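Throughout, numbering of the chain's residues begins at 1 and tracks the sequence. Keep in mind the model is a prediction, meaning the values are calculated, not measured.
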Amino acid sequence: MTTMTLLEITALVAIGGVAGFINVLSAGGSMLTLPMLMFLGLPAQVANGTNRVAITLQSVMAVGSFFRGGQSNLAVSWRLSIPAVVGSLIGAWTATWIPRTIFEWVLILAMIGASLFLLLPQPKLDTRPLAPDRLGPVEYFALLLIGLYGGFIQVGVGALFVVVLYRMLKIDLPQVNVIKVFIVLVYTIPALAIFAFKGQVLWATGLILAAGNVVGALLAVKVNMGPKGAQWIRWLTLIMVAAILGRLIWY
C-alpha cells in the first residue's frame with residue numbers, strides 16, 4: 001500500500017470513531033472499517049488482519065473502562081471466552097488462505113445478514129443476572145461458533161452475541177455489551193497473532209484506524225450506562241452500510 005494522504009488518514013480515523021462507538025454499544029462497526037480498508041487499496045486478507053489491530057485496542061480501552069466503572073462479570077466472561085478462542089484460531093487460520101473473491105462475497109453476505117438482523121425489532125424480555133451455573137454445552141458450543149466467525153471475518157459479530165446472551169440467556173443489553181467486549185478482546189488477540197504471522201497486518205494503518213476506534217469506544221462506554229443506548233444508532237449504521245454495500249457489489 002502506498003503512503004496515505006491526509007484526507008485518507010482523516011477518513012480512516014473518522015470511520016474508526018464511528019465503528020468503535022457502534023462496536024461497543026451495539027454491533028456492526030466492522031461493516032464500516034473492513035470495506036474502508038479495502039477501498040484504500042488493501043487486499044482483502046490484509047484488510048481483515050489489519051482491522052484486528054483496531055478491534056484489539058478498542059476492546060482493551062472498553063474493557064478497562066467497564067472494569068473501572070464496576071461493570072464486569074469475570075466468572076462468566078472467562079468461561080465463555082475459552083470456546084470462543086478455540087473457534088477464533090480456526091476461523092483466523094481459514095481466513096488467511098481463502099481466495100479473495102470468495103472472501104469478498106462472504107463479506108457482502110455477512111453485511112447483508114447483519115443489516116437484516118438490525119432491522120428486526122428487539123423483544124423485551126424479563127432479564128436476570130448471568131451466573132456460571134446457568135451455562136451449559138449449548139452456550140459453550142454457541143460461543144465456539146461465534147469465535148470461529150469472529151476469527152474469520154468479525155463483521156456483525158455483536159448481533160450473534162445478542163442472540164446468545166440476550167435472547168437465549170436473557171441478560172440485559174448493557175450487561176451483554178460488557179461481556180461481549182471482554183470476549184472479543186480475548187479471542188481477537190490470538191486471531192491477530194495468526195494474521196501477523198502470515199504477514200497480513202499493516203501495523204501503521206491499523207494504529208491509525210485504532211486511534212478513531214478507541215475514542216469511539218470510550219464514548220460508547222459512557223452511553224452504555226443508559227437503558228436505550230443502542231436504539232438511535234441503528235438507522236445511521238444501516239444507511240452507511242447500504243452505501244458501502246453498493247460500492248462493494250458494483251465496484
If you compare all heavy atoms of Val85 against all heavy atoms of Pro190, which two are closest, and at what distance to 0.1 Å?
CG1-CG, 4.0 Å
Which atoms form the tightest heavy-atom contact between Thr33 and Gly16, and what is the distance?
CG2-CA, 4.4 Å
Arg52 backbone acceptor or donor facing Thr56 side chain under 3.5 Å:
yes
CG of Leu165 to CD1 of Ile146: how many Å apart, nearest 0.5 Å?
6.5 Å
Counting only N and O atoms by type, is there a donor-acceptor contact under 3.5 Å from the side chain of Gln200 to the main-chain atoms of Thr96?
yes
Which value, rounded to the nearest 0.5 Å, describes the distance between Thr94 atom OG1 and Leu89 atom CG?
10.5 Å
Check: Asp172 main-chain N/O paired with Gln175 side-chain donor or acceptor under 3.5 Å
no
Can Trp105 be reached from Met38 by stepping across I, L, V, M, F, W or Y side chains whose heavy atoms are under 4.5 Å apart?
yes
If two hydrophobic side chains count as joined below 4.5 Å and joins carry through other members, does Phe197 share a cluster with Trp93?
no
From the options Asn51, Ile9, Val53, select the one residue that forms a side-chain contact (heavy atoms from CB on, under 4.5 Å) with Leu209.
Asn51
Begin with the C-alpha distance, continue with both residues' side-chain angles, and end with the deciding distance and a verdict on side-chain contact (heavy atoms from CB on, under 4.5 Å) for Leu160 and Leu145.
CA-CA 9 Å; Leu160 301 179; Leu145 296 180; over 6 Å; no
With the 4.5 Å side-chain cut-off for hydrophobic clustering, are Val63 and Ile189 part of the same group?
yes
Do you know the tightest heavy-atom contact between Gly156 and Met31?
N-CG, 4.4 Å
How far does CG of Leu192 sit from OG of Ser88, to the nearest 0.5 angstrom?
10.0 Å
Do Leu12 and Thr205 have side chains that get closer than 4.5 Å, going by heavy atoms?
yes
Report the relative orientation of the aromatic rings in Tyr187 and Phe161; use parallel for angles under 30°, tilted for 30 to 60°, perpendicular for over 60°.
parallel
Shortest non-hydrogen contact from Ala11 to Met36?
CB-CE, 3.5 Å
Beyond-backbone contact of Val46 with Val201, side-chain heavy atoms, under 4.5 angstrom
no
Using side-chain heavy atoms (C-beta onward) and a distance below 4.5 Å, is Val164 in contact with Leu80?
no
Tightest non-hydrogen contact, residues Leu57 and Ala210, listed as CD1-CB, 3.7 Å
Tell me whether Phe141 is reachable from Tyr166 by hopping between hydrophobic residues (I, L, V, M, F, W, Y) whose side-chain heavy atoms are closer than 4.5 Å.
no
Are the side chains of Leu34 and Gln154 in contact, using a 4.5 Å heavy-atom criterion?
no
Atom NZ in Lys180, atom OG in Ser59: separation rounded to 0.5 Å?
9.0 Å
Do the non-hydrogen side-chain atoms of Asn48 and Phe152 ever get within less than 4.5 Å of each other?
no
Counting C-beta onward and ignoring hydrogens, is there a side-chain heavy-atom pair between Val178 and Phe182 closer than 4.5 Å?
no
In Å, rounded to the nearest 0.5 Å, how long is the span from CG of Leu107 to CD1 of Ile102?
13.5 Å
Quick one: does Trp78's side chain get under 4.5 Å of Ile82's, heavy atoms only?
no
Give, for atom CZ of Arg79 and atom OH of Tyr140, the distance between the pair rounded to the nearest 0.5 Å.
6.0 Å
If every non-hydrogen atom of Leu37 is compared with every non-hydrogen atom of Ala47, which pair is closest and at what distance?
CD1-O, 3.5 Å
Short question: side chain of Glu139, backbone of Gly136 - any donor-acceptor pair under 3.5 Å?
yes
Can you check whether Val215 reaches Val13 side chain to side chain, under 4.5 Å on heavy atoms?
no
Treating Thr188 as the side-chain partner and Leu185 as the backbone partner, does any N or O pair qualify as donor plus acceptor under 3.5 Å?
no
hydrophobic_cluster_shared for Val86 and Val186, side chain cutoff 4.5 Å
no
